[in-house]
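Only one structure is covered here, and it is reproduced in the block below.
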Amino acid sequence: MRSSRYNFREAETRWQKVWEDGKVFETRTDDPRPKYYVLEMFPYPSGRIHMGHVRNYAMGDVVARYRRAKGHAVLHPMGWDAFGMPAENAAMEKKSHPATWTYANIATMKGQLKSMGLSLDWAREFATCDPSYYKHQQRMFLDFLKGGLVARKTSKVNWDPVDQTVLANEQVIDGRGWRSGALVEQRELTQWFLKISDYSEDLLSALDGLGRWPEKVRLMQANWIGRSDGLMLRWQLTAGTAPASFDEIEIYTTRPDTLYGASFMAVAADHPIARAAGEKNPALQAFIGECRQMGTSQAALETAEKKGFDTGIRAKHPLDPAWEVPVYVANFILMDYGTGAIFGCPAHDQRDYDFAMAYDLPIKPVVRSANLTDAEANAAFDRENPPTVEDGVLFNSGFMNGMSVAEAKEAVAKRFEGESLGNRPVGQRKVNFRLRDWGISRQRYWGCPIPVIHCEACGTVPVPNRDLPVKLPDDVTFDMPGNPLDRHPTWKHVDCPQCGRKARRETDTMDTFVDSSWYFARFTDPFNADEPTTMSAIAKWLPVDQYIGGIEHAILHLLYSRFFTRAMTKTGHANLSEPFAGLFTQGMVVHETYRDDSGNWVPPADIRIEMIDGERRATEIASGKPLTIGSIEKMSKSKKNVVDPDDIIASYGADCARWFMLSDSPPERDVIWSEEGVQGAGRFLQKVWRIVGEAIDLPDAASAADAPHAVTKAAHKAIIAVSEDLERLRFNRCIAHIHDLSNTLSSALGEKDAATHGRAIREAVCIMVQLFAPMMPHLAEECWGELGGKGLIADAAWPVANASLVVESSLTLPVQINGKKRADIIVPAEADNAAVEAIVRADSAIAAALAGQDIRKIIVVPKRIVNIVV
RNA sequence: GCCCCUGUGGCGGAACUGGUAGACGCGACCGACUCAAAAUCGGUUUCCGCAAGGAGUGCUGGUUCGAUUCCGGCCAGGGGCACCA
């Protein structure tokens, strides 16, 4: 007996069991159909899934189910990005072992994902903290080491002097450690690096080939890699001003054309000359110390007030040895970029300007706007308010006077290339990249151990393959700060694999970005216990056809994965360079915030919204107290504006949650989760259920008329529209089209002659069910069965539109007069421009609107619009 | 600070490559059904105006027969900035 209301609770678990028992979504590698690899960024097992996951996985599932219906062999796997700091924080706070905590979270979250009814191949599941996964990662690290892709060098970390531990940037708050509150220091450590910078040019130029990536992501990556064409330039130092053994400073500049505007030189606090000068100058030493107390993040460096210290060293201008500029140590110069030294031209660079104003240095303009004379430009120059000149003409610049910026750059480069100092030219052109090598060392427990042994005699020795994986020890404590691996009583003490003497394991673990840089490749054959990848599986499934995840990964994760794929190819673990052919970055899930009168945040589950005098008012259910409705923000625990997917699925069902997630906002933008919205989605579910119920009761009568019934036309138009929008992941538009079709169908069912067109209506209803099946798969299976569909709708082919059913014989064209719409005309579909113009001239309504004005021109845009210019 | 993105009714948004601004949904209001409520169904809903008509896509200037769409300047909000994932 059919219930008048759809019982999602019963139906959803029933269909999930049918899919699971039938192994419907397990992928066979020998499937001969064309492949399609859909992947959503795998989650960090933080405890419970959040609405952002629901959105991400709902989108991926729609793509996967649509491609399956279109006849592809679909690979749609899921796993866990399971190493990372939160597990260690939990270990410290809750006294549970990171592994216990992580695997418990995975179990919970897997259950939650299963309740969403996703078409995932769970047989391929793995967690990156499984030794059976990180074993292969260690193997590849060693192959990279052998292949020259790994370097060991020093870099700076945030050091908490109280907790005696390295802090992540997010653990540094206003320059202080988040737990201890101590002022953070920069400290140099010798660390492992992957040589991503060897691939700078390739990673940059290959962006052009990523046609199915968002333009903005490609732009962000291009800026990140940051190619610049500049000049290395050696400046002689004035004898007696510099520490012994320093007679020059080499700087890097992209604006050698502004050399005549130089007023100072600045070097990084870590520049060798700064260190040397600091040794004899306590005040400078103190300033260098101050620079080191800044945190290591770029944002911290650049937002800090620009400060410098005059070292007393003087450099001779390369174009005029009589001209000397002071050398400063400055807190905004990075040792990692270029040579760690610059010359400052305050008139044409904002940072240099700020610096010059702070230290009262000369500001001389050398590029002027092309429509001024030299004299005018000099007269108009105002030190307090210098003009910004994007591209102009050189002046006050000796031999470069009158040249364009580009000409001057060329001329000055040529000149210095030709001049020698010692055995080297004074200047050399140099392409520089902002991209730095990828430091992967982390002084933490919960990560993949770096499989290297340090031996006093042999140096750094790779762990032999037969000894992999280097497993994390289980017996560790988190009761004190620092790296538990380092203070473990036995773990790090091993014999050197080469000479057999006592040696020490590397106690650093890998950055978790390493784990996520190849998981997509492992998914192609996670069953291979001996090798990280199986080449035939890589060849079959990669690249990922559609990758979906958050925009916050636009740079690091995606760039590292692109590099890692190249590195794997170089070391024989893959055979391609670009892992993701199509990328889609989805927006966040946001929600209103609520606070009580003492300013405490109140979760949405505890409140009630009412309309009072046309205004939305919130009250706390338990206390009845009124609340302030705050701004809409990213769901976060701190503001308590989170809704739990479990609650939503329990009260509305997975289909309803999925449908609402996809319905309103375009997928790349933020979506506002609202109770009203999800209720609306629930009403639509029930409406569909009623439509199907009415349709199956209709007699199976074919339409008498020759012309196809209006519902058939509407259904076939919907097939075209929905398919097109699914291809482009415009789910919100798909849903609008399905709403349209459902409106047409419910009106058709309400009409008196519905019974005489029973077959046409049934067929159209069937099409509607197929169209929403990727989004609401459980409801679709239920309706499909009732409508007499064969087998599972999950296995059914996508409906094919009959193009002849959707052609129109005439069209309505709007007619504008001077760009304002004044009338509509109906023209035959095949009418040419001349015919349309004739109809316009003959139309009485248009003649009236013209009111006797002369027609100067008629613009006819075929099938679009007519504009009359008067 | 630097890089990137976004801005359209009461709200989420639609508008294919410059061609009818507001599809579709939410909310609200009116009506039908009901003893009543829920559910459902029908209608109205950008603003000003009784209407004719006019204005209108963050602000401002420009290009065009025509601009939400292209260009310049500004304002606001968001993402990233290399040890959060």
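Quick caveat, the model's predicted, so the values are computed rather than measured. In what follows, chains carry the letters A, B, and so on, assigned in the order in which the sequence lines appear, proteins first and then strands, with residues in each chain numbered from 1.
Checking B/rC3, B/rA85, B/rG13 against the side-chain heavy atoms of A/Ser665 singles out B/rG13 as nearest. In this structure, of B/rG13, B/rG25, B/rU40, it is B/rU40 that holds the atom nearest to the side chain of A/Arg683. Residue A/Tyr560 places its side chain closer to B/rC83 than to any other of B/rG79, B/rG12, B/rC83. In this structure, the nucleotide among B/rG79, B/rC24, B/rC83 sitting nearest to the side chain of A/Ala736 is B/rC24.
Ring pair A/Trp659/A/Phe772 is perpendicular by interplanar angle, where above 60° counts as perpendicular and below 30° as parallel.
If you measure from atom CG of A/Leu749 to atom C1' of B/rU40, you get 15 Å, rounded to the nearest angstrom. The interatomic distance linking A/His553 (NE2) with B/rG79 (C1') rounds to 12 Å, in whole Å. With rounding to whole Å, A/His557 atom NE2 is found 15 Å from B/rG80 atom C1'. In this entry the distance linking CD of A/Gln679 with P of B/rG27 reads 7 Å, nearest Å. As rounded to whole Å, 15 Å separates atom P of B/rA23 from atom CG of A/Asn732. Summarising the geometry, the separation between CZ on A/Phe513 and P on B/rC84 is reported as 8 Å, rounded to the nearest angstrom. Whole-Å rounding puts the A/Asp740 CG to B/rC24 P distance at 6 Å.
Against the 90° criterion about 0, the sugar-base torsion of B/rG9 places it in the syn range.
Here the separation of B/rG80 from B/rA14, taken at their P atoms, is 23 Å to the nearest Å.
A sub-4.0 Å separation between OP1 or OP2 of B/rA82 and a side-chain N or O of A/Arg436 is absent.
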